[in-house]
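Since the structure comes first, as structure tokens, the remarks are kept for the end.
Values reported hereafter were calculated over all heavy atoms of this structure, with side chains retained and with hydrogens, waters and symmetry mates removed.
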Amino acid sequence: MADSQLYVYNTLKREREVFVPLHPPFVSMYVCGPTVYGNAHLGHARPYITFDVVCRYLMYLGYKVRYVRNITDVGHLENDADVGEDKIAKKARLDKVEPMEIVQRYTLDFHKNMALLNNRSPSIEPCASGHIIEQIQMIEKILAHGYAYLSQGSVYFDVQRFEKDYPYGELSGRVTEDLQHNTRELDGQSEKHNPLDFALWKKASPEHIMHWPSPWSDGFPGWHIECSAMSAKYLGETFDIHGGGMDLLFPHHECEIAQSLGANGISPVRYWMHNNMLTINGQKMGKSLNNFITLDELFSGNHPLLEKAYSPMALRFSMLQAHYRNPIDFSNKGLEDAEKAYEKLSAVYVLLKEMNWAGTTVNTEIEKVLSSFEKECVDAMNDDINTAVVISNMFKVSSYVNQFYSSGKTEGVSKEAFEKFKNAYLLFYRDILGLLPDQQMERSNEDFDKLVDSLVDLRNSAKKEKNFTLADALRNVLSQFVTLQDLADKTIWKHEKKK
RNA sequence: GGUCCUGUGGCCGAGCGGCUAGGCAGAGGUCUGCAAAACCUUGUACGGCGGUUCAAAUCCGCCCGGGACCUCCA
């Protein structure tokens, strides 16, 4: 990018556009959150890491971001139309617990894993169950405008009627005529006037355990209305960014647009951003496909498809190594490679953090590379959040940092350029990509540390006395528990077993 | 069947008309008592066939392969 403006790919326009917020310096962003009826899995990691980085970068650009991400706790229908059962209610019935117990359990699990991935908490995390009134009010508006109808206690959005006034299918590129042909005729759809219509409010059957009173029936809100109602409440009828996985494009996001237009007459979102999917062995990961790996399993290595445990940061890094709009295929090899690469980068981060400028000469080449580092990273991020190129840039400068460290001097770079570079590197690593330096994976305790320190001292004494037999024996023992590294003047060790 | 995305060196993965992506693995070297780490050197890729252009991995067409959505899903 020649100019330093942020460009993002807008799914609605199918091209990159300059990002200009509606009310600078504020940016309003909504991201579809999880339905909390199961453990957080690998698939959840991708969108929330992606939009966490988007949010972090917007903050770096000086925007004040309000980031809203919902928790879906009223459940969507398990199957289509009348035969469906609320997902959360179903899980609750199977587990013989209160629905809200399910919600609580998996919300906590989700939060725990998001924290491990170092995703910042959203500014507001509204629950669907806490916004039944807002959803009912929105449905009333849609009804009043004639874009919905009541049918046996349920309310449906009238797509055909809506299409007379507004386009339907713009976001996903659907043509309703084609959709008609491709819609399967399911039993029990008689409540709908048209197969394309979707539920705004569903009357609850007697055995349905989650339901709320409404002007139409005791029931529960439809599949898509919560996002429309809650985004409008907290971000306004039009807001800047709506994010989510590509799989939500149709029908979920398409319906959100229709609902907002139907209720407020305004298209709700200015920039639609969609992350691509994660596949496992080339196949989409899905609850129904039974091939998903939970984050707990990934971090513990406890899953048949996993060769070992992977750290949350390795996962985060591996996802940021690819562009968010391209698919990622999960593999052990891929994660292992990412883990190694991430550890190298982290080592550089740790070294650089403690490093101070000390030099005498300026080398034009080094000076140039280091002083253009920040701009190159900014350019990459401005180019539709290209984290892969940012990481590439970080590797390009890594060898300089390592050389500075080995020589003990920051030779070849001016003080000003070094400090600018250092700050930028720390900023991109920690604040924008949201990476954390290698956490000590293994639990440590003081006694253990003291013991290791003593053995390391003993080994160094042996080395001084050229008693290499003893030194090697000590090294062999130590390397069963930690990783040793001899530097010029001292020995450092990490809580990592030799592989 | 419809809509859309995609095919890059051993593997992963950027790239949006001309200029080295990067990582992992491999090979050679420097340093080191050994080990580890680090540093240096090394590989010249773009599914196939045509076309546009002075110039194409990058644009267009066709063919072949992979995937997503069209039903809850991040």
When all nucleic acid strands are considered with a 4.0 Å heavy-atom cut-off, which category describes [X]: base, sugar-phosphate, or nothing?
{"X": "Tyr405(A)", "result": "nothing"}
{"X": "Phe250(A)", "result": "sugar-phosphate"}
{"X": "Arg69(A)", "result": "nothing"}

Response to the item:
Residues at least two apart in sequence or cross-chain that pass salt bridge (Lys or Arg N to Asp or Glu O under 4.0 Å) with Asp457(A), listed by chain then number, are none
Worksheet item: Taking only residues two or more places apart in sequence, or in another chain, which ones meet Glu125(A) in a salt bridge (Lys or Arg N to Asp or Glu O under 4.0 Å)?
Response: Arg69(A)
Discussion item. Suppose we call two aromatic rings close when their centres sit under 6.0 Å apart. Are Phe19(A) and Tyr271(A) close by that rule?
Written reply: yes
Discussion item. Using the ring centroid of each side chain, check whether Phe220(A) and His211(A) are separated by less than 6.0 Å.
Written reply: no
Practice prompt. With RNA chain B as reference, determine whether Gly43(A) or Ala341(A) sits nearer its 5' end, using the nearest nucleotide of each.
Written response: Ala341(A)
Fill in: Nucleic acid footprint by protein, nucleotides 4-21 of chain B - heavy-atom cut-off 4.0 Å, B for base, S for sugar-phosphate alone
---------SSSB----B
Worksheet entry | Glu465(A) CD - G33(B) C1' separation (whole Å) | 15 Å
Worksheet entry | Set of residues satisfying side chain to side chain contact (heavy atoms under 4.5 Å, CB included) with respect to Lys344(A), sequence neighbours excluded | Phe395(A)
Where do N or O atoms of nucleotides 37-44 of chain B meet protein N or O atoms at under 3.5 Å, pair by pair?
unit_1, atom_1, unit_2, atom_2, d
A37(B), O2', Gln485(A), NE2, 3.2
A38(B), O3', Asn402(A), ND2, 3.1
C39(B), OP1, Asn402(A), ND2, 3.1
C39(B), O3', Gln403(A), NE2, 3.3

Item to complete: Could you run through RNA chain B and flag its stems, i.e. three or more consecutive Watson-Crick or G-U pairs with both distances under 3.5 Å?
Response: B:1-7 with B:64-70, B:10-12 with B:22-24, B:26-30 with B:38-42, B:47-51 with B:59-63
Worksheet item: Would one find more than 12 heavy atoms of other residues, nucleotides or ligands at under 6.0 Å from atom CZ of Arg105(A)?
Response: yes
